[in-house]
Amino acid sequence: MRNFMDVSIMNSPRMKSSRLFLFLAGASVILMLMYIHLVREVSELQSSIQSYRAFGSLGLGGSPNGNNVLDPNSLVIIYNRVPKTGSTSFIGLAYDLCSKNKFNVIHMNTSKNAPTLSLTDQMRFVYNISNWVEKKPGIYHGHIAYLDFNRFGVSRQPLYINIIRKPLDRLVSYYYFVRYGDDLRPYLIRKRMGDKMTLDECVAKDHPDCSMNHLWLQVPFFCGHHSDCWVPGSAWALEQAKHNLVHNYFLVGVTEELKDFVAMLEYSLPQMFKGALDLYITGSKSHLRKTVKKIMPSEETIAKLQNTKVWRLENDFYNFALDHFHFLKKKTLYEEEGSGRLLDRGQKFSYEKIKPKKPLGS
């Protein structure tokens, strides 16, 4: 009788309802937990997208559809290289790395090596770089003065990089380069080939080949396409060049510390420059081009050049750039004890106290 009663109770409608209730309650709990997990995943994804878009506003790239998204595949760098600053050695690294790291390198050659462009050519250049999707990511390089893309309605500028050199060292290198050439293309006839006048003789004669126009170069390259940029000794041009260096250049190095410049680019832009430091140290790119013959100027010549306003402003700009480069380098790199290898200091910031916890608009 007891067994029959137990079976009857277990099969009663009340018991069946209780079992069904427990089953539904358990399923509801599971669904609720799955829903909470899904909401968290969606929230984290939205936060990641918002952060990604925020990085895009830094000008480090951009997607073809125009969204402000950091897209390494759309990164464009302009290296408006100053003559006789080690630019051939540096860009040689990019040509060696472009296939391996999957980016393009494009040389921009201007008529008669003119560093400034006509207004129509400025527009063409900006349009090409902004819309030549097939050549992104890419590095454009050439002897061209800084060009502000914002003037042409472009919301995001490419990344500008450059290298500068001590003004007198650069002048000496240029003066003898146009007379004796270099070891990269020793058979190329230069425009002053056969002219054996030394820089000392040139300065003593006030010859046009060593005029202040040849010394006034790094400031105008950073100043840009305004007419006053190319007036030798313009204080306004110096201030504009400094402004552009700080606000519109990603990184400016110096010839005398080219290895550190390469290291900074490798760690900050690895999608293009991964492997550049080892290639610079162990390869043949560290001194790709050397002027065949250089005669260092006398103390009298140096004193005469340094007594000009042009040299003082050019030297002011060089020291300004050097101090800024050292500041960034100290924050970014350190030497590994023992090996002396330059290493990245790593990330020194984190995010916390993120509110509201729920995604906006939910």
Side-chain angles (χ1 to χ4, degrees), residues 55 58-61 70-73 75-82 84-105 137-141 158-166 169-170 173 182-184 218 222 245-246 249-291 318-351:
F55 276 112
L58 293 176
L60 298 181
L70 174 60
D71 182 7
N73 292 323
L75 180 63
V76 173
I77 293 174
I78 295 181
Y79 172 32
N80 63 318
R81 46 196 285 189
V82 178
K84 308 313 297 174
T85 58
S87 57
T88 301
S89 297
F90 171 72
I91 205 62
L93 297 173
Y95 276 110
D96 279 357
L97 291 170
C98 62
S99 295
K100 178 181 178 181
N101 292 347
K102 295 181 173 57
F103 65 91
N104 301 279
V105 186
I139 299 177
Y140 292 78
H141 66 100
L159 292 188
Y160 272 91
I161 62 172
N162 217 327
I163 303 167
I164 66 172
R165 187 175 185 177
K166 290 180 179 179
D169 290 350
R170 198 206 64 79
S173 182
D182 57 35
D183 55 2
L184 181 65
Q218 298 187 132
F222 280 78
L245 185 148
V246 172
Y249 276 79
F250 180 73
L251 184 65
V252 176
V254 295
T255 307
E256 297 78 16
E257 300 176 25
L258 189 55
K259 182 179 75 171
D260 299 348
F261 176 73
V262 171
M264 293 272 285
L265 287 176
E266 174 164 352
Y267 289 120
S268 57
L269 297 173
Q271 61 268 44
M272 285 190 179
F273 293 102
K274 182 179 180 181
L277 184 58
D278 282 340
L279 187 61
Y280 179 83
I281 294 173
T282 62
S284 58
K285 300 297 184 182
S286 57
H287 299 289
L288 186 59
R289 168 178 281 185
K290 286 184 177 180
T291 301
Y318 173 82
N319 288 326
F320 179 83
L322 182 65
D323 289 343
H324 186 56
F325 179 66
H326 284 169
F327 175 78
L328 293 177
K329 184 174 71 172
K330 185 177 180 180
K331 291 286 185 180
T332 306
L333 303 176
Y334 74 96
E335 282 194 12
E336 184 179 45
E337 190 173 349
S339 69
R341 182 174 177 79
L342 295 171
L343 299 176
D344 181 24
R345 290 187 180 276
Q347 185 169 314
K348 299 297 182 182
F349 70 92
S350 61
Y351 301 107

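Please read these numbers as outputs of a predicted model, since none were measured by experiment. Quick note: residue numbers are just sequence positions, from 1. Note: hydrogens, waters and symmetry copies are ignored here, and every other heavy atom, side chains too, is used.
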What do the steps show when you test F103 against L75 for side chain to side chain contact (heavy atoms under 4.5 Å, CB included), and what is the final call? CA-CA 9 Å; F103 65 91; L75 180 63; over 6 Å; no
For [X] against [Y], the heavy-atom pair lying closest together:
{"X": "A321", "Y": "L245", "answer": "CB-CD1, 3.6 Å"}
{"X": "P137", "Y": "P72", "answer": "CB-O, 3.6 Å"}
{"X": "T85", "Y": "V82", "answer": "OG1-O, 2.7 Å"}
{"X": "Y334", "Y": "D344", "answer": "CE2-O, 3.4 Å"}

Side-chain heavy atoms of [X] within contact of [Y], under 4.5 Å:
{"X": "F250", "Y": "S268", "result": "yes"}
{"X": "L251", "Y": "L269", "result": "no"}
{"X": "H326", "Y": "E257", "result": "yes"}
{"X": "R341", "Y": "D278", "result": "yes"}

From [atom1] ([X]) to [atom2] ([Y]), nearest 0.5 Å:
{"X": "L265", "Y": "M272", "atom1": "CG", "atom2": "CE", "answer": "10.5 Å"}
{"X": "I163", "Y": "F325", "atom1": "CD1", "atom2": "CZ", "answer": "9.0 Å"}
{"X": "D169", "Y": "K84", "atom1": "CG", "atom2": "NZ", "answer": "12.5 Å"}
{"X": "F90", "Y": "Y79", "atom1": "CZ", "atom2": "OH", "answer": "6.5 Å"}
{"X": "E337", "Y": "L343", "atom1": "CD", "atom2": "CG", "answer": "12.0 Å"}
{"X": "L277", "Y": "K259", "atom1": "CG", "atom2": "NZ", "answer": "7.0 Å"}

Would you sort out whether R81 and T88 count as a side chain to side chain contact (heavy atoms under 4.5 Å, CB included), showing the intermediate values? CA-CA 9 Å; R81 46 196 285 189; T88 301; 3.1 Å; yes
Side chain of [X], backbone of [Y]: donor and acceptor closer than 3.5 Å?
{"X": "R165", "Y": "G86", "result": "no"}
{"X": "N80", "Y": "Y160", "result": "no"}
{"X": "Y267", "Y": "L342", "result": "yes"}
{"X": "N162", "Y": "G253", "result": "no"}
{"X": "E266", "Y": "G275", "result": "yes"}
{"X": "N104", "Y": "G138", "result": "no"}
{"X": "R345", "Y": "K330", "result": "yes"}

Fit a plane to each ring of H324 and F327, take the angle between them on a 0 to 90° scale, and name the class: parallel (under 30°), tilted (30 to 60°) or perpendicular (over 60°).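 Answer is parallel, since the angle falls under 30°.
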Checking side chain to side chain contact (heavy atoms under 4.5 Å, CB included) for the pair L93/F273: CA distance, chi angles, key distance, verdict? CA-CA 8 Å; L93 297 173; F273 293 102; over 6 Å; no
How about K166: does its NZ atom have over 12 heavy atoms from other parts shown lying under 6.0 Å from it?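 It does not: K166 NZ has 12 such atoms or fewer within range.
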For K331 and K348: C-alpha separation, side-chain torsions, deciding distance, then whether side chain to side chain contact (heavy atoms under 4.5 Å, CB included) applies. CA-CA 10 Å; K331 291 286 185 180; K348 299 297 182 182; over 6 Å; no
